[in-house]
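Report on one structure; see the data block that follows.
It should be emphasised that the depicted structure is a prediction, and the values quoted were computed from it without experimental measurement. Below, read A as the first sequence line, B as the second, and so on, with proteins coming before strands; counting in each chain starts at 1.
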Amino acid sequence: MRDALSNERYDQFSVEEWVKEFWEERNVYRLVKEKASRSAKKLYFLDGPPYTSAPSIHVGTAWNKIIKDVILRYYRMMGFNVWDRPGFDTHGLPIEVMIEKSLGIKEKGEITDRVGIDRFVEECKRFAERNLREQTKRFKELGVFMDWDNPYVTFKDEYIESGWWLFKKAWEKGLLDEDVYVVHWCPRCQTTLADYEVSEYRDLEDPSIYVKFPVKGRKGESLLIWTTTPWTLPANAFVMAHPDLTYVRVRVGGEVLILAKARVEEVMREAGVKEYEILEEMPGRELEGLEYLHPLEDLVDAQRILARYHRVVMAPEAVTPHEGTGLVHSAPGHGDVDFEIGKRLGVPVISLVGDDGRMLPEAGRYAGLYFRTEANEAIIRDLRERGALFHEGRVVHRYPVCWRCKTPLLLRATKQWVIRVSKIRDELIRNAETIEWVPRWAKERFMHLLRNVRDWVISRQRFWGIPLPIWVCERCGYRVVIGSLDELEKLGGRRPRELHRPWVDEVTLRCPKCGGVMRRVPDVADVWFDSGIAFYASLGYPKRRDLWERLKPVDFIVEGHDQIRGWFFSLLRSGVIGFGEAPYRRVLVHGFALDEQGREMHKSLGNYIDFDDLIKRIPRDVVRLWTTSNTVWEDLRFSWREMERMWRDFTVIWNVFTFMSMYMGLDAYDPTRHTLERYAKHLRVEDKWLLSRVNNFLRKYHKAMASLLIHEAARLLREFIINDVSRWYLRLVRRRVWTDEETPDKMAAYATLYYAIRRWLAAAAPFIPFLTEYVYQKLFREAEEGPESVHLLDIPEADITLIDERLEELMGKAREIVEAARAARMKAGLKIRRPVSRIIVATSSPLVRDAARELGELILEEVNAKSIEVLRPEALERVRVYRVEPNYREIGPLYKRDSPKVYELLRERGEEVARALMEKGRFEAEYKGVRVVLEPRHVKVVAEYPEWLSVEEGDDFIVAVDTRVTEEEILEGLAREVVRRIQFMRKEAGLSVTDYIEVWVDCDDEMGRAIGEKEDYIKSETRAIRIHRGEPPSNAYSREWEVDGRRLRIGIVKAGKSPTT
RNA sequence: GGGCCCGUAGCUCAGCCCGGUAGAGCGCCCGGCUGAUAACCGGGUGGUCGGGGGUUCAAAUCCCCCCGGGCCCA
C-alpha cells in the first residue's frame, strides 16, 4: 500500500468532484450494469415516477431517490441483476395550468379557439421534457445509479399505447362505463376533479340564509331550511329531514315555522328573534311526504319539472342536529348525498350550472350569472322581496378550492367515464394479502382503504393526458374501445401523428353496426392512471411481452406514505384489472421530509430547502448518510445542524484511512502477501476482537438490509467505524505500529485492520459511494489489484467462524473497567500521564473477572497502571456503610403485592441486610407481617471506601485505584511530561514522523534524575538518538516549558541520519 | 368526523413488538490527552417518557380517553 492520503488536506467536496469525474470517464455505471447482467438472480425494481412540474427537486424527493439508490447498490453488490429504469410522470392538470399561465390563458376556451390544442400540447411536452432533464441532472448529482439514458416517460406514444391496452381490458371485463356523477368541478380549469384531488380548502365567506318554503295548503306555515349555497336553490327538488329527530311548529309573529327542536334556540338567537312560541312537537317521520311550494318556482324554468317532487323526505345520513334547521334543502344535481337519494326516489338529476360556472338557460331568470357571486346575490334579493327570507347572515367556512388554480369549486352532476373499481373490491383485497409491507402498519392502512374503495371517475375534460381510447358512433351511439395503435389503424385506416390530442382526435372510425362515423370522446384520463400502469408499461408491454414476463412481478417499490392511497393503490388496481394479480410483492414506505419544527416544507412558509443550495452546502455523502440514518418510515426533520454534525463524523472516518495510509504506506504493507492467515499466530486479543466485531457487524448489516431497514444498516456502519475502529481499536494498536521494524506483531495489526476496513468499505459503498470510491482508488485498488471501481466489489458475507461473542463481551467489560478506572483517577486528581501502581477490580461476576485477567495488559495500558488485581467484593471489606438497592426484577415476581414492604425494609435496614448477605449469603426477617428471605441475587449492595482508594462503580464491578504514588511513578510521570513536550515540538518544528533528533534538556535535579532513569524510554518514544543535559545549542529549536511549577528548557535538532548503533 | 403514524434530556433521536432501577449523540460547564488530532478521552449538567385513567407486585413499553403534529380519507 502506498501512502496516498496522509499529506492530503481532507475536503469531502473535492473528493466528490474527483469521483464524479472518475465515474464519468470510466463509465462506471455501465461497468456495474455489465457485471450485474451476468447474474442469473433478477431483481425488478420499479421507480415511482416524480412529477415533472419543476426543474428542481424537493428534499423529500432526494431522500426518496437516495433510499432507492442505497438498496439498488446493495443488491448489485450482492450479485443481483437489478432492473433500475427510472421514470417520470409528465401528464396532467398541474402542467397544463403552468402552461396556461405562461401563455397568458385565462379560460379553457382560449386553448381551443386562440392558441390551438396542438400548440398547447407541444408546450406542455416541451415543459415536461425540460424539467425531466433538469431533475435527472440533480439525481445524478446525488450519485444515484439508475439507467438515466433510458427512463420511462408517461407522455411517450409507446407508454400511452400500453395504457390503452388496460382500458380495453377494463372494457372487456365490464368495468369501464359512462354514468352521471356528482363531481367536484373547477369552473376555471373546466374539468372535473377526482375526490383525492379535492385536497385544498380555504376559509371563504358565504351567505348563510334561512329560507321559508311555504307548506302546501297551510296558510302562513313554512318549512325553514338553511343554506350557504343560495345558487343551488333554483335546482331544489325536495327537503330532507331526520325521522328520529324531534321537530317543532314555532309561532314567530304572525307565521308558523317548522324546524328541529334542537335548533330553535340557536336559529332564533341568530335571527335576533326574542319572542316565539313552540306550538307543537313531533318526530321527523311525521313530516314525511309534506308538500311545499318553492318560493322561486315561477322564475326558474327547471322548476316546472322539479315542482312535482317538492316534499319532505327522510334522509338520516344528510341531517345533523348540530347546524342548520334540521331541514335540508336538496338539489340532486349539486350534492352527492342529494344525488344518491334523488336517484333512489326517481327524482330527475338537474344541474343548473354550466362548465364555466354560469347558470344555464334552464335557470330562467338567473341564466348567465356566475354561481357563487352574481347568482347568489340575485337569488337572495328575490327571496327577500318575496318575504321568503327569514334571516340573512354571513359565514366563514372551509370551502374546497382547485388545488392548482385556487378557484372555488362546485358540485355538479355530469356524465363521466368511470372504472367500476367497487366491482373488483374482493379481488383487490385478496391480491393485496400477498404483499409484504415495511413497516407492517402500512398494510393495515392499505387494507382499510381497499375495504372502502369507490368507483373511479377517470375522465378529465382536458388536453394534456392519455386520451381515452373510446370512439362513439355519431349515428347509433355504438362504442368501441381501442387497445392498440394497430387496432386503431385497422378500424380507422391510418395512424395519427402522435397519440395525444388533437392528432388522435382526427382519426374517425366506421361504425361496425350502422356504418356511421365514430369519433373519439374528447376526454383524457386522470393523470393517476398513468403511473399506475408503470409496472408493465415501463417495459413496453404488451407490444413487447418478454421483458415483463421475464421480470415479473416487481420485487419491490419504495415511496412515501402518501402513496399508500396513491401509487401503491393505483398499481394494484391496474394489476388486478389487467392481469388479475398484485403486480408487486414488497413495499417499503418512507416518511415525509419536514422542516426542523416538523412542519411541511413550503416555499410559501419560507422553510423550503432548495436542493441546489443543499448540495452546495453539504457534501452528497453526508446528505446520503444523514437521510438514510433516519428511521425510514418516520418523517425526516430537516436540520442543517444535524447534517453538519454528521459531517464531522466524516473527518473521523477519513482519519481512519489516513492512519492506514500513513503507517501501512510507510511499511509498504501488501495485502496480497501480508495476509491474515500468515499472521494468524501473532494476532493479539484486540485483533481477534476486531475480527469478531467486523463480522458481527456484517451479520447485522445484512440482516437489516434484507429486511429493508436501511436506517439500521446506516447506524451500524457509523457505529462500527467511529466507535469500534477509531475510538477503540486504533487507540489500542497505535504503539504497535510505531516501531520501524517489520515485526509480526505490527503486521498482524495491519492485516487485521486491512481485513476489517476492506469489509466495511464494501458495506459502506451503497451509502457513501463517493468517499468509498475515492479511498478505494487511492488505497485499496492497486494494493490488492482489485476491479476498476469499489462498486464492482461484492459485499462479503459475515464469516461467523471469526465471531467470538464471549470475547466481545469481555472487551465490552474491559472498556467499562477502563472507563471506570479513568473516572476514579479523575476523582483523585491523577492525570493519565502519571502512572499508578495498581488498580483493583472487585467483582463477583465471572465475566468481569475474566475480562480483567485476560485483557489485563490492555486495561493497564489504557489506564496507565502497573498492576491489576482481581478480588471478590468481600475483599474490599475495610469499609463503612452499606446501602442495599432492590433488584426489582427478582423481588417483584416473588413478593407481588408485598414488594413495596420489602423495598421499605431494604431502605431501613440496608446495612444489616448487606452484612447478612455477605457473611451468610442469606437474610431472613419478619417485616410488617411479611416473611422476607433474601439472597444476593435479589439486591445490589453499595459501599463506601477509604481515602487512599479512589473508587468507581460499574454495573457489576467496582474499580479501586490505589492513589499512593511511589518515587518510581513520579519519575515516570515526569518523563512522560518531557516526552509529550518533545513530541509537541517535533510537530511544531515540522519534522516528519520518521526523522531522528538530538535533544537537550536544561532543568532541575529531580527532573534530571527522571530523564536519566528513563532515558531509553524517552529516546524510543521521541526517536531521539541522544539526550544531553544543559543549554541547547543555538541551532536547536528550543522552548521554555513549565511542569508542575518547575521550569525547563528543551531544544531539539534533527539528526543527520539514523543511529548506527 | 374516520383510519394509520409520531410525541422520551436544551436539540436530534434509540428503547416500546416481547413490562423489570430511563439511554446515546450533540449542546453547555469542568478537567485531561495529543506521532490518524479542524480530532479524541473522563466527569458533571440536564427527563411530569405529551396529559389523564386502567390492567399489573411492577408501565416509556399493554389497554382506554384526551391534547399536539404528520399522512391519507370523509
Side-chain angles (χ1 to χ4, degrees), chain A residues 5-6 9-10 195-196 198-199 320 336 439-449 451-452 454 560-566 569 589 591-592 594 596-600 626 629-631 633-635 637 639 641-646 648-649 651-663 711-712 715 718-719 722-723 726-727 730-731 734-735 737-738 818-827 829-833 862 885-903 940 952 955 979-984 986-987 991-995 1021-1023:
Chain A
L5 296 186
S6 78
R9 208 183 125 267
Y10 170 52
D195 291 340
Y196 52 78
V198 183
S199 53
T320 152
D336 38 11
R440 248 191 286 268
W441 54 257
K443 181 165 193 163
E444 201 180 325
R445 200 155 136 180
F446 194 62
M447 299 309 285
H448 181 263
L449 78 91
R451 284 192 289 274
N452 298 310
R454 311 210 317 182
H561 45 64
D562 55 330
Q563 299 303 330
I564 293 175
R565 172 158 287 262
F569 172 61
V589 178
F592 257 56
L594 307 173
E596 203 149 8
Q597 279 81 47
R599 293 172 311 175
E600 246 187 291
W626 184 71
S629 294
N630 190 82
T631 303
W633 51 81
E634 277 175 22
D635 292 344
R637 288 192 179 199
S639 161
R641 264 178 41 206
E642 290 300 314
M643 203 103 65
E644 270 152 21
R645 248 162 235 166
M646 175 63 86
R648 283 216 292 260
D649 285 342
T651 323
V652 180
I653 296 171
W654 177 264
N655 282 338
V656 172
F657 290 111
T658 43
F659 182 94
M660 291 179 78
S661 182
M662 187 168 187
Y663 290 106
H711 54 286
E712 286 188 11
R715 290 171 193 166
R718 183 190 168 278
E719 188 63 19
I722 302 278
N723 205 25
S726 179
R727 288 188 190 156
L730 289 191
R731 278 182 65 85
R734 265 190 309 189
R735 310 204 140 256
V737 305
W738 284 349
V818 167
E819 275 162 26
R822 283 182 185 152
R825 294 182 59 119
M826 199 59 65
K827 260 196 244 175
L830 291 169
K831 294 181 187 177
I832 297 285
R833 228 178 289 137
E862 286 301 302
E885 288 175 3
N887 186 350
Y888 296 94
R889 193 178 203 140
E890 294 286 343
I891 292 174
L894 211 56
Y895 291 92
K896 308 242 182 214
R897 279 172 195 289
D898 293 326
S899 302
K901 286 182 186 160
V902 179
Y903 305 148
K940 183 176 153 195
E952 183 70 23
D955 279 345
V979 166
R980 207 209 111 201
R981 284 166 176 78
I982 295 173
Q983 301 290 34
F984 190 84
R986 283 185 63 111
K987 253 179 147 177
L991 295 182
S992 133
V993 186
T994 48
D995 287 335
E1021 286 290 305
T1022 62
R1023 293 176 85 87

* To do: Give the rounded distance in Å between these two atoms: CZ of A:Arg454 and C1' of B:rG2.
  => 14 Å

* Atom CD of A:Glu644 and atom C1' of B:rA38: how far apart are they, to the nearest Å? -> 14 Å

* Asked: Using the P atom in both, what is the distance from B:rG19 to B:rG25, to the nearest Å?
  -> 28 Å

* Base, sugar-phosphate, or nothing for A:Ile564, non-hydrogen atoms under 4.0 angstrom? -> nothing

* Check: A:Ser661 side chain, B:rA36 base, donor-acceptor under 3.5 Å -> no

* To do: Any chance you could list the contact pattern along nucleotides 14-19 of chain B? Use B for base contacts, S for sugar-phosphate-only contacts and - for none, protein heavy atoms under 4.0 Å, 5' to 3'.
  => S-----

* How long is the line joining CH2 of A:Trp738 and P of B:rU37, in whole Å? -> 11 Å

Under-3.5 Å N/O pairs linking protein and nucleotides 54-59 of chain B:
| residue | atom | partner | partner atom | Å |
| --- | --- | --- | --- | --- |
| B:rC57 | OP2 | A:Arg897 | NH2 | 3.0 |
| B:rC57 | O4' | A:Lys896 | O | 2.8 |
| B:rC57 | O4' | A:Arg897 | N | 2.9 |
| B:rC57 | O2' | A:Lys896 | O | 3.3 |
| B:rC57 | O2 | A:Gly892 | O | 3.4 |

* In whole angstroms, how far is the C1' atom of B:rC73 from the CD atom of A:Gln563? -> 14 Å

* Side-chain N or O of A:Arg445 less than 4.0 angstrom from OP1 or OP2 on B:rC72? -> no

* Quote, to the nearest angstrom, the P distance that separates B:rG50 from B:rA38. => 41 Å

* Just checking A:Thr1022: base, sugar-phosphate only, or nothing, at a heavy-atom cut-off of under 4.0 Å? -> base

* For the residue pair A:Tyr10 and A:Trp654, does the interplanar ring angle fall in the parallel (under 30°), tilted (30 to 60°) or perpendicular (over 60°) class? -> parallel

* To do: Round to the nearest Å and state the distance from A:Glu862 atom CD to B:rC40 atom C1'.
  => 12 Å

* Roughly how far, to the nearest 0.5 Å, is the NZ atom of A:Lys901 from the OH atom of A:Tyr895? -> 13.0 Å

* Asked: Taking the side chain as C-beta and beyond, is there a heavy-atom pair between A:Arg727 and A:Asn723 under 4.5 Å?
  -> yes

* Asked: Rounded to the nearest 0.5 Å, how far apart are NZ of A:Lys987 and CD1 of A:Ile982?
  -> 15.0 Å

* Quick one: on RNA chain B, does A:Trp441 or A:Thr658 contact a more 5' nucleotide (nearest heavy atom)? -> A:Trp441

* Structure fact -> d(A:Arg1023 CZ, A:Thr994 OG1) to nearest 0.5 Å is 6.0 Å

* Asked: If you measure from the Lys or Arg side-chain nitrogens to the Asp or Glu carboxylate oxygens, is any gap between A:Glu1021 and A:Arg735 under 4.0 Å?
  -> yes

* Asked: Across the strands shown, which category fits A:Arg735 at heavy-atom distances under 4.0 angstrom: base, sugar-phosphate, nothing?
  -> nothing

* What does A:Glu819 touch in the nucleic acid at a heavy-atom separation under 4.0 angstrom: a base, only the sugar-phosphate, or nothing? -> sugar-phosphate

* To do: Treat primed atoms plus P, OP1 and OP2 as sugar-phosphate and everything else as base, then score nucleotides 22-34 of chain B 5' to 3': B for base contact with protein heavy atoms under 4.0 Å, S for sugar-phosphate contact only, - for none.
  => ----SS---SSSS

* Could you work out the separation of B:rA58 and B:rC18 based on their C1' atoms and round it to a whole Å? => 16 Å

* **A:Thr658 side chain vs A:Asn655 backbone, donor-acceptor pair below 3.5 Å** => yes

* Can A:Arg981 and A:Thr1022 be counted as having a side-chain donor-acceptor contact under 3.5 angstrom? -> no

* Kindly indicate whether the side chain of A:Val737, heavy atoms from C-beta on, has any atom under 4.5 Å from the side chain of A:Met660. => no

* Structure fact -> When both distances are under 3.5 Å in a Watson-Crick or G-U wobble arrangement, the nucleotide paired with B:rA36 is none

* To do: For nucleotides B:rG27 and B:rG47, find the distance between their C1' atoms and express it as a whole number of Å.
  => 16 Å

* To do: Write down the distance separating the C1' atoms in B:rA60 and B:rU21, rounded off to the nearest Å.
  => 14 Å

* **Complement of B:rG25, any strand, by Watson-Crick or G-U distances under 3.5 angstrom** => B:rC11

* Asked: Just wondering, do A:Gln983 and A:Arg986 contact through their side chains at under 4.5 Å, heavy atoms?
  -> yes

* To do: Between B:rG54 and B:rA9, how far apart are the P atoms? Round to whole Å, please.
  => 25 Å

* Do A:Glu862 and A:Glu819 come within less than 4.5 Å of each other through their side chains, counting heavy atoms only? -> no

* Calculate, to the nearest 0.5 Å, the distance between atoms CG and OG belonging to A:Asp649 and A:Ser726 respectively. => 10.0 Å

* Geometric class of the A:Phe592/A:His561 ring pair [parallel <30°, tilted 30-60°, perpendicular >60°] -> parallel

* A:Trp633 vs A:Arg440 side-chain heavy atoms within contact, under 4.5 Å -> no

* If we take the C1' atom in both B:rA14 and B:rC26, what is their distance in whole Å? -> 14 Å

* Counting only Watson-Crick or G-U wobble pairs whose two distances fall under 3.5 Å, which nucleotide matches B:rC71? -> B:rG3

* To do: Send over the distance from A:Ile653 CD1 to B:rA38 C1', rounded to a whole Å.
  => 16 Å

* To do: Give the rounded distance in Å between these two atoms: NE2 of A:His448 and P of B:rC5.
  => 12 Å

* Asked: With rounding to whole Å, what would you report as the distance between B:rC71 and B:rU8 at their C1' atoms?
  -> 23 Å

* **Whole-Å gap separating C1' (B:rC72) and CD (A:Glu444)** => 14 Å

